[in-house]
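This report concerns only the one structure given below.
Per chain, numbering begins at 1; letters A, B, ... match sequence-line order.
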Amino acid sequence: MRTLLKNGRILDPSQNIDMVGDLLIEDHQIEAYGPNLDVADVQETYDCTDMWIVPGLIDLHTHLRQPGFDHRETISTGTQAAAAGGYTAVCCMPTTQPTLDSPSLVDYILDAAASPSSGGAFVQPIGALTVGMKGEQLSDLSALRRAGIVAASDVGAPTQNSRVMKRAMEYCTQLDLPIIAHCEDLELSQGGSINEGPVSAMLGLRGIPRSAEEIMVMRNCLLSLHTGCKLHVTGVSTWGAVEMVRQAKYLGAPVSCDIFPHHFCLTEEDVGEFDTRFKVSPPLRTQVDLDIIVQALNDGTIDCIASNHSPYASHEVEVPFGEAPFGISGLESALGVTLTHLTHKGILSPLETVRKLSTAPAMVLRLEGGTMRHGETPVAQITVVDPNHRWRFDVGRTFTKGKNSAFHGMELQGKAVVTFCGAEIYRDAAFPESRVTTSRKRS
Amino acid sequence: MSRNLLGIRHISAEDLRELLALGAEFKRRVLMREPLPRVREETVGLLFFEDSTRTRVSFEQAAKYLGMNTVSFTGRGSSMSKGESLKDTILTLRHERLTTVVMRHRMPGSAQLAARYFPGPVLNAGDGEHEHPAQALGDALTIMERKGHLEGLIVAIVGDVEHSRVARSNAWLLSKLGAEVRFVGPKTMLPSHTAMLPGSVHYTLETGIHNADVVMCLRLQKERMLDGLLSSVGEYARMYQVTRQSLEYASPDCLVMHPGPLNRGIELDDDAADGDCSVINDQVENGIFVRMAAYWWALDRTMDDLKKVAA
């Protein structure tokens, strides 16, 4: 079986490749790429003229909700959403019920992800850093590692006790397991639902001060520096947090970080009249933060863009603002929002855009994918992106069960149109049938 | 056609003037025993998910004066305590054929949520720390009765502004109608960012009420001490209690106001609370008349409509 992606702009940040050419997938593996490939016996040809051919996107921060919260999302719907958003792999957070702190649950998730009902994206489980995510006793991380977790995390219940965090880092260093940290001092953020600022003051909502995030970013970076533990800070939202990460990197700490799309294009003012679609954690900040964040994306201080996919059922969101959960369903909007607000505005080059969404996430957790290098991935993970396709993001047309999105109704420019993940192919209506040629000749 | 009274922030100065004029006219008619309009076809649901006696009684009194039917709900023992969502509660009331909803709820923005699912007027009777519009209307009517106008007045709001819906609604109303608003209190009780609130910030009572025409005290929630906002009630009283002595800094005929319930000896001393300049009882009484105005206005009726109700 040979599939040829023809005449696209091939972008591979892992090799700094940016060229127009063809890419050949043979038996679900990347076989060759280059200008004007001369290939015979091609079963399917995708005309990628004016489109990008990139390594499949990889998400470091997805909540798949299964088991325990299947009304919000399942592994099946979540991976379909991932493929539709251009992702070929998602790292799922341990925020399940029960918490992902035992090897049997890792097996359960990997089995469900491998079942035929799943969409075309790999699932990489992230284990709970502590038992029950209580922040007290460490999970059996060695056993979890053997079962297949790619990182340990306290997302959902940030570790408050510094001694526990230090021990966790020491232990993870030994296991060579990265820690993904959600940085929040819960005493400072207690009761808060939006950024502490003029909008919270006006709306009478309790504010979450920026220091709640920055103090924990600083603490975790210092612990990483002193223990040597690989730390990935997820969801930086303030200029201070960015500066902490910058400083930690300067000091030589093995630290990386990601940002969520809403934090580089929305501010606290978008909350408007208590619109719960804009309630996220960390909260939307200010224009000053956006300005620094954009620079930090550009200079590489912010390594990755993560979707923060946090699906909720409608009834959970249609409540007073203070009672609403934090989060938006981001898998199907992340690429479009990134292209619209960063790439087309000249903040990130096409190559850097792909790096933040694919190559860098793969490197942070040493995952397969994020590259087109021959033999580096057992199966092809390739996404075709139409960078100029104009569309309106509509939660009525998404695969995820979570219809909670700050981006609903937003005009976007750029979309993933075909996602190849091994044998699975997702093709969007924006990639017309007429661009696909199927050869009747059998090989 | 109907309108919502969700917060003062959303209401134009013109509508605020109309509401205050209506309130004054309703008061005149009630005191003069002149005929009042009867709005018999309306049924008001009084939804109090948070305890409140004075506000509920005031809305109920106002409705009765207008001949409206009222139905009361409280949070306890209701379907809400059985886990029903606010959205479903509102949808149910809509089909119970209630025509107007008055709601108090501990969550900011809950009135906005209710208005999304209720077709008739929604009157906010206090949504968490966000707004308490009828209170502000009653307070403004009280000031206007004594001062004749709001424009150019200096109004000092003293106390826990950060956690006060009364402070927010009053600040919006007074500033929209031309008064100068000052927020006075300890730094822990004033919003740390006031760029989107219409008032200046003062940390000492002396500067805050300097030349003030009105001093509006806020109720001190004693549980705030547990949150670290206060060291002690005594310390607060020493620094921010409005007394005959501290009123020396204000203008000579400065009004003293308080939304109640009072903590005598904390926010105010007896002299200030009971003195000639205290209008605390007028605030309560005027609360009824502005709520009549609020119902009338929310049903999209005007002063002209009211004047057609013949003597």
Side-chain angles (χ1 to χ4, degrees), chain A residues 71 185-212 214 238 240 267-279 283-289 312-326 403-404 408, chain B residues 4 6-10 49-50 80 83-91 103-117 124 126-132 160-169 171-172 183 189-199 201 226-229:
Chain A
H71 65 288
D185 182 321
L186 296 176
E187 288 289 338
L188 282 173
S189 64
Q190 190 186 49
S193 46
I194 65 169
N195 183 47
E196 181 182 274
V199 178
S200 70
M202 182 178 79
L203 296 178
L205 289 166
R206 296 289 172 91
I208 300 173
R210 51 185 60 246
S211 52
E214 291 160 356
T238 72
T267 70
E268 57 183 353
E269 298 190 24
D270 289 300
V271 170
E273 289 297 318
F274 303 97
D275 192 335
T276 57
R277 294 179 303 140
F278 293 84
K279 183 174 174 181
L284 300 177
R285 305 289 187 180
T286 67
Q287 190 59 46
V288 175
D289 297 293
Y312 284 97
S314 299
H315 73 262
E316 294 174 294
V317 181
E318 291 168 346
V319 295
F321 198 90
E323 293 171 355
F326 292 93
K403 304 302 178 190
N404 49 317
H408 176 64
Chain B
N4 300 316
L6 304 179
I8 300 293
R9 181 162 57 89
H10 314 91
F49 297 112
E50 223 183 31
M80 284 286 278
E84 186 177 53
S85 72
L86 180 58
K87 173 186 167 184
D88 284 328
T89 302
I90 297 294
L91 288 176
M103 189 175 85
R104 167 164 294 187
H105 194 284
R106 68 188 179 88
M107 284 292 171
S110 51
Q112 269 85 349
L113 184 78
R116 215 176 300 153
Y117 301 109
N124 180 6
D127 61 332
E129 293 159 4
H130 179 221
E131 283 234 36
H132 194 0
D160 188 1
V161 174
E162 164 104 68
H163 301 99
S164 173
R165 53 186 168 223
V166 173
R168 282 183 181 74
S169 287
W172 286 115
F183 301 126
M189 289 187 164
L190 299 184
S192 44
H193 303 265
T194 50
M196 292 170 86
L197 283 176
V201 168
L226 301 175
D227 221 3
L229 299 186

For this session: Check B/Met107 against A/Gly322 and note the closest heavy-atom contact, atom names and distance.
Result: SD-CA, 3.7 Å

Seminar exercise, completed: Between B/Leu113 and A/Val319, the two heavy atoms sitting closest are CD2-C, 3.8 Å

Exercise. Any side-chain heavy-atom pair from A/His315 and B/Ser85 closer than 4.5 angstrom?
Worked result: no

Exercise. What pair of heavy atoms forms the shortest contact from A/Pro198 to B/His193, and how long is it?
Worked result: N-CB, 3.3 Å

Problem set entry | Option in A/Gln190, A/Glu196, A/Glu273 with maximal non-hydrogen atom pairs under 4.5 Å from chain B | A/Glu273

Exercise. Do you know which of B/Gln112, B/Glu162, B/Glu131 has the most heavy-atom pairs under 4.5 Å to chain A?
Worked result: B/Gln112

Exercise. So, for A/Phe274 and B/Arg116, which heavy atoms are closest and what is the spacing to 0.1 Å?
Worked result: O-NH2, 4.5 Å

Seminar exercise, completed: Heavy-atom closest pair (B/Leu197 atom, A/Met202 atom, distance to 0.1 Å) is CD2-CA, 3.9 Å

Seminar exercise, completed: Bottom line for B/Ser192: the part with an atom under 4.5 Å from chain A's heavy atoms is side chain

Exercise. Do side-chain atoms of B/Arg9 reach the backbone of A/Leu203 as a donor and acceptor pair under 3.5 angstrom?
Worked result: no

For this session: Compare all side-chain heavy atoms of B/Glu129 with those of A/Arg206 and state whether any distance is below 4.5 angstrom.
Result: yes

Problem set entry | For chain A, the option from B/Gly109, B/Pro191, B/Pro108 that forms the most heavy-atom pairs under 4.5 Å | B/Pro108

